[in-house]
Amino acid sequence: MLITAITKFTTIDFPGKLACIIFTGGCNLRCAFCHNPEFVLPERLEEMKHSAISFETVMNFLKARKGMLEGVVICGGEPTVQVDLIERMREIRLLGYAIKLDTNGLNPGVLRKILMEGLVDYVAMDLKMPLNYEKELVGVTVKDGVLEESVNLIMDSGIDYEFRTTVISGVHNEQVLADMGGQIAGAKRWALQAFRNAKTLNPDFEKVANTQRGELERLAEKMKGIVKEMIVRG
Ligand code: SF4
């Protein structure tokens, strides 16, 4: 597992749990608006490899924080591209930690194994646009049905979860969000979060305005009733 960073303490990234965050390097998408290009682009990852954190270091940290931290958030990049993800999750699990997995949903096969083995307590899946993602926005062609499979796996899993959307001016409007909502109708939770233009994979997106909280609240209000709970972040 390529671990690029650790946040040692968070009260907001794992609902209901005091947690730390493990950031993994590498992703199977190339979202134009991605604000972590250093965790995604192979040439940037090469630069980071010398400062990567070993899994042993992470385990030592987790052993030392037992009783203080309750959970571990694994995010990316995209964690499911790590070939040893499941093995590492088992090891974290054995220490007694709850695990939250952040994923873009492109690897339903890995997600299925994780869910079947009971290795995760909370899944947050990105929903970037209506499920037939446009290559211009996410950088790769996503096979038909892949994202729907992940959505269904999560919604049928019985564990806690959320879908989350970074709302970007010029990409998302009320109609687009309504279309997206229709694809996760009845879901437990949908979080709308603000786009920030400070650093993006495609520099063109640095010219796009930051999303205002008022706009997120307006859109969330309009989407009420499609899912059980709407959340606004940012
Ligand atoms: S936004 Fe997420 S899914 Fe998209 S390229 Fe960045 S890390 Fe990968």
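Counting convention: from 1, in listed order, for ligands and their atoms alike.
Protein heavy atom in closest approach to atom 2 (Fe) of ligand 1: K128 NZ, 3.9 Å.
Note on residues 156-193: pairs passing ring-ring contact (aromatic ring centres under 6.0 Å, His included), not counting sequence neighbours, are Y161-F163. Residue pairs meeting the ring-ring contact (aromatic ring centres under 6.0 Å, His included) criterion with at least one member in residues 33-59, sequence neighbours excluded, are F23-F39.
Inspection of the environment of atom 6 (Fe) of ligand 1 yields the following protein N, O or S atoms under 2.8 Å: C34 SG.
Contact detail for V58 and I3: the closest heavy-atom pair is CG2-CD1, 3.6 Å.
With K100 as the fixed residue, the side chain to side chain contact (heavy atoms under 4.5 Å, CB included) test singles out one of V73, V123, I159, D160: V73.
Counting only heavy atoms from C-beta outward, the side chains of T103 and E78 approach each other to under 4.5 Å.
In this structure D121 satisfies the side chain to side chain contact (heavy atoms under 4.5 Å, CB included) test together with F14, R93, A98, I99, sequence neighbours excluded.
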